Structures are given as structure tokens and as C-alpha cells.
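The model shown is predicted, which means the values in this text are computed figures rather than measured ones. The residues of the chain are indexed from 1 along the displayed sequence.
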Amino acid sequence: MQNQKLAKQLFKKSKTARYERFGRLLCFSALVMIMAIVIGIIVFIATKGMSTFLKDHISVRDFFTGTLWNPGTKTPSGHAAVGALPMIVGSFLVTILAAIISTPFAIGTAVYMTEISPKRGAKILQPVTELLVGIPSVVYGFIGLSVVVPFVRNVFGGSGFGILSGTFVLFVMILPTIVSMTVDSLKSVPTYYRQASQALGATKWQTIWKVVLRAATPGILTAIVFGMARAFGEALAVQMVIGNASLMPHNLISPASTLTSVLTAGMGNTVMGSLQNDALWSLALVLLVMSLFFNLLVHFIGRKGAFSK
């Protein structure tokens, strides 16, 4: 009798084990829900975006190579005017130029905050970075409309609206994101890397350039892709300074448009199921695919950098 009672107590799950099982179940349920939401969003956008080609019978070639965007009308050749090439080019130009300009500033700021003057840099630059993150997009757009557009107009000519103005606004918007993640990446580099380099006779700058930045390359690339993701998906601020002209940009100071600016301007003015609405969903699908492409590309580069360091 006592043996049976002892065996029952031994095989009975403790309260801690039940809590652990409940915690695992809760985490697994959250993971499944997040995966279901992500897959659902991708399937929904893909289904809506493909309607332009499957339901409205628009040529994929005309959609990606056409330069006229006015859904509901016809081009001189008789095809529907749903050419998305100007918006795709505009999105690429604004994103890449903003990333190119902001990356050196972000890396320099992060190096100063972590390697050159950690105490003073963190004390002064950290609050500034956090402040830039907290500014709403509409404020950036309004500042760009009031300051950047007149500056571009007076210095470079033109109307002031265009790729260059959008680049300057996005440069400031994505800078704190890249700075914060680069700082974390530099801090994650082991201290003995620096000590070993200096013990071999390297100067402080040689250690930073040859050792610290090289070891932190995957993290820096991750920071850049996060900044590009924000630049790529930014709508309101860019819409206020780029000009919103669905035309092929001939230079950096001519009015242009991006995928997000056209989507925000047109989605509320179309009827669900119409060609105009389907074309906008196709732009959303292109935006999603391009964002995934950038993430996969930079992830691949980051892995190669981590492998060869």
C-alpha cells in the first residue's frame, strides 16, 4: 500500500512541471499564431495582386515595363495604362540613395559612441538618436516640405520636389535606426579582439578599421537593411516632398513617385474589384516582394561576411 502511494507520488507531475508545460504550450501557440498571420498577409496580398493579371488580363510585361500610370485609361497603343516602372524606379532610387548617404554617418556616429568616447558619446548622442526615432513621419514630411524642398529649389533648381528631396528626408528618418543597431553590433564584438590587435602593435584606428568593423560587418549589414526597409515602406513623409507625379524620373530634381506614395494617394479613391483597385494591389505585391528581396540579399551578404571574417 505504501509502495503504491509512493509510486503515485513519484509519477505525479509537480506543480512546476505543469507550469513549464503550460508555458511551452503558450509560446508554441503564440508562434503558430504569428506564422499564421504572416502567411495570411502574404497570401491575401498575393491573391489581390495577381487579380490584375488573372482577372483583368493585363500583361505582366506591360505592367513592369510600361511608363504610363493612369488605370482606367488606354495608352496610345491601346493597352491599359498601368505601367508601374516609374514607381518601381522611384522606390529603388530613394531607398538606395538614402541608405548610401546615411550609412557613413551612422557608422561614424556608432564608432564614436562605442570606441572613441563611449561615456560622452552615449550621454550626448543617445538622447538625440532616441529623439529622432520618436518624431512622427508627418512631422518629417512637414519639415521637408518647409525646409528641404525650398533648399533643393534654390540650390539645385527645379520645383524642389523630387527624388533628391525624398532622399534627404529619408536620410534623417533612417539614420537613428542604423545608428542604434550598429552600436549594438559594435558592442557585441568581444573585448579580447581589441586587446589582441593592440597587443600586436596595431593603433586604435587600425583596430577599429581592421578588427572591430570587420567583426561587426554582419550586424552592420543587418542595420542597413532595417533602415532600407523603413525607407522602402515610408509613405507619408515621402509623399509630401517627392511630387507624386507618376512619371519616369529623368533626374533627381524632377517630380516623381514611389510605390507607397501612389498607394496612399489612390487606395481610398478606388472601388473594390475594379481595375484601378486591382492595379494598386499589384503595386502592394511588388512592394512586398521587393522588401523580401532586400532582406534575403542582405542576409546572404551578412552570412558571407560572417563566414570570411
Are more than 12 heavy atoms from other residues, nucleotides or ligands located less than 6.0 Å from atom [atom1] of [X]?
| X | atom1 | answer |
| --- | --- | --- |
| Y112 | OH | yes |
| F53 | CZ | yes |
| F64 | CZ | yes |

Can you name the closest pair of heavy atoms from [X] and [Y] and give their distance?
| X | Y | value |
| --- | --- | --- |
| I178 | A223 | CG1-O, 3.6 Å |
| L186 | E115 | O-OE2, 4.4 Å |
| P176 | V133 | CB-CG2, 3.4 Å |
| G227 | I174 | O-CG2, 3.2 Å |
| V241 | L145 | CG1-N, 3.7 Å |
| K204 | I116 | CE-CA, 4.3 Å |

Report yes if the side chains of [X] and [Y] come closer than 4.5 Å at any heavy-atom pair, otherwise no.
| X | Y | answer |
| --- | --- | --- |
| Q206 | S197 | no |
| F232 | L287 | yes |
| L259 | M290 | yes |

Are any side-chain N or O atoms of [X] and backbone N or O atoms of [Y], one a donor and one an acceptor, separated by less than 3.5 Å?
| X | Y | result |
| --- | --- | --- |
| T114 | K187 | no |
| S185 | M181 | no |
| S180 | T177 | no |
| S117 | M113 | no |
| S102 | L175 | no |
| S254 | P249 | no |

With hydrophobic residues grouped by side-chain heavy-atom distances under 4.5 Å, do [X] and [Y] end up in a single group?
| X | Y | result |
| --- | --- | --- |
| L68 | L275 | no |
| I242 | L247 | no |
| F161 | V155 | yes |

Parallel, tilted or perpendicular for W69 and F63, by the 30°/60° rule?
-> perpendicular
